[in-house]
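Structure record follows, encoded as structure tokens.
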Number of protein chains: 2
Amino acid sequence: MKAFHEYKNPSLAVDLVVFGYHDNTLSVLLLNRKEEPFKDQWTLPGGFLQMEETLRDTCARILLTKLGMKEVFMEQLYTFDDPARDPRGRVIAVGYYALINPSKFGIVAGTMANDVKWFDVKQLPVLGFDHQQIFEAALQRLRSKILYYPVGFELLDELFTITELHELYECILQMKLDRRNFRRKILDAGYIVNTGTKREGLKNRHPELYKFNKHLKKNSFHISTPEQE
Amino acid sequence: MKAFHEYKNPSLAVDLVVFGYHDNTLSVLLLNRKEEPFKDQWTLPGGFLQMEETLRDTCARILLTKLGMKEVFMEQLYTFDDPARDPRGRVIAVGYYALINPSKFGIVAGTMANDVKWFDVKQLPVLGFDHQQIFEAALQRLRSKILYYPVGFELLDELFTITELHELYECILQMKLDRRNFRRKILDAGYIVNTGTKREGLKNRHPELYKFNKHLKKNSFHISTPEQE
DNA sequence: TCAAAAGTGTTCGGTCTACACCCATGC
DNA sequence: GCATGGGTGTAGACCGAACACTTTTGA
């Protein structure tokens, strides 16, 4: 057996799938690379792990320095190890996904540097490296997670109406959900709390505003979908 | 930005949670370390990634060379990155779990080298490194996966009775499941095929032998548990 | 008073659960 | 024939899906 330090090590990177929700559209944040390889192509934000960092630290550093975001929801996805995934050499990438509310950081389409851009998940450009694969894993995880875990609140404002939450679910899952059954499911699960206030200034009846219940009793619910996968 | 090769890299290892099922007991394979750190303590089998290997390759190499097993079911679990998880230095470990049928490899308790041993998952010794955490993640994954994906067949012989499959489920989930409802659920899902043969030589009625249906139509089922988690 | 969205309740049908009964075998 | 486990059926509870009606608001 070799001594501990004799092993050659691949580089270790994280790649981030940053989801944002705005105007009834689920988007992903992409960077336009200014260097080879994949110069002028769109890729996921990412970076190399520093020796003293945890993987979460690395993600947080990238989110803060490259994108100006902090304290966002984040979860590890999967570790991607195709030896050919990076033409520069052997790089193992740990995929993470993050959920952010774009309005919190004042970065919406058009106002950002032209090398950082939100893309509708339904209309992604060709991505460099194996980032298409990482993106797909993230979207799949988000879609299955939202069915049994209250993950949508990370994407909305602190106060929201049930209709807004409903639209978010339909947008992420890309399917129609019965409005009334959705409402009952979410309320029964105890995930949201009525604040007693209403959203004003709308044309029609003023809907009640809810907030996320951080101290919920039950720890799971289940939104049924016609095609379980 | 630093040039590509200037980054220092942590070591990259895999750690394996190898599950085996025998005599109505779910066991994990542990190694007794002969070196520091954690000398004479039990740990999960593991090893460092070689530059030309995928993570699966590394797992397969460890399984073959250390344990004499090949062509086993394997799945990536999670990547563990606590900077203090290995006292020798910074080591990132990608956890994998494997499901094997001990009778296939002729390694059962007592016949193996005394530094390799099966332990009942209910009576594990204190583990070195962060291997307790990795083990727990693996057991949790196995328990949730078996509810909707036909993963138990990796642990059984090619031919098995429904009662044997039922006992396996009860053993892994650590709960009683109604015998008759279990039978219907499994049969309706189409996951097993009646071979027409029967297990002979038992005291009572000879049960029918089934095999796993590799070409199933539906791709999911759901075993309900009293306490959904 | 009308259109449009928000809020509430009810019916129907399938699925899961908790059972009881018969069948095959070895002793 | 009897003890033991294997195979099959069924009534009731429960839950989810589909759907209709009333309420509130701005114009």
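Proteins come first, then strands; the chains are lettered A, B, ... in the order of their sequence lines, and each starts at number 1.
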query: How many Å lie between CD on A:E200 and C1' on C:dA5, as a whole number?
result: 15 Å
- line: Rounded to whole Å, CG of B:N194 lies from C1' of D:dT8 at a distance of 14 Å
- request: Determine whether the side chains of B:T195 and B:T197 contain a donor N or O and an acceptor N or O closer than 3.5 Å.
  value: yes
message: Using 30° and 60° as the class boundaries, would you call the ring planes of A:W42 and A:F119 parallel, tilted or perpendicular?
response: perpendicular
- line: Here the distance between atom C1' of D:dA18 and atom CG of A:L177, to the nearest Å, is 14 Å
message: Would you say CD of A:Q132 has more than 12 non-hydrogen atoms from neighbouring residues, nucleotides or ligands within 6.0 angstrom?
response: yes
message: Without decimals, in angstroms, what is the distance between B:D178 CG and D:dG9 P?
response: 16 Å
query: Roughly, in whole Å, what's the span from NZ in A:K203 to C1' in D:dT24?
result: 15 Å
message: So, does A:R183 get its side chain near the phosphate of C:dG7, meaning an N or O under 4.0 Å from OP1 or OP2?
response: yes
Comparing B:K185 and A:L187 on DNA chain C - which has the more 5′ nearest nucleotide: A:L187
task: Please confirm whether any donor atom in the side chain of B:R184 sits under 3.5 Å from an acceptor in the base of D:dT10, or the reverse.
output: yes
- prompt: Looking for any heavy atom pair under 4.0 Å, which part of the strands does B:I162 touch: base, sugar-phosphate only, or nothing?
  reply: nothing
- prompt: Taking atom types as they are modelled, is there a donor-acceptor pair under 3.5 Å from the base of D:dG7 to the side chain of B:R179?
  reply: yes
d(CG, B:L209; P, D:dG7) in whole Å: 9 Å
query: Think B:H206 has a side-chain N or O under 4.0 angstrom from the OP1 or OP2 of C:dG26?
result: yes
query: What is the distance, rounded to the nearest whole Å, between atom OH of A:Y210 and atom P of C:dA6?
result: 12 Å
Side chains of A:E136 and A:Q140, donor plus acceptor under 3.5 Å: no
message: Can you measure B:R199 atom CZ to D:dG7 atom C1' for me and round it to whole angstrom units?
response: 17 Å
query: If you check the A:N204 side chain, which of C:dA24, C:dA3, C:dG7 turns out closest?
result: C:dA3
- request: Give B:T163 one of three labels, base, sugar-phosphate or nothing, depending on what nucleic acid heavy atoms sit under 4.0 Å from its own.
  value: sugar-phosphate
- request: Report yes or no: is there a donor-acceptor pair, N or O only, under 3.5 Å between the side chain of B:N181 and the base of C:dA18?
  value: yes
task: Output yes when a side-chain donor or acceptor of B:D178 lies under 3.5 Å from a complementary backbone atom of B:R180, and no otherwise.
output: yes
message: Using only modelled atom types and a 3.5 angstrom limit, is any donor from either the side chain of A:R180 or the base of D:dA17 paired with an acceptor on the other?
response: no
- prompt: Considering heavy-atom distances to DNA chain D, does A:K198 or B:P207 have its closest nucleotide positioned more toward the 5' end?
  reply: B:P207
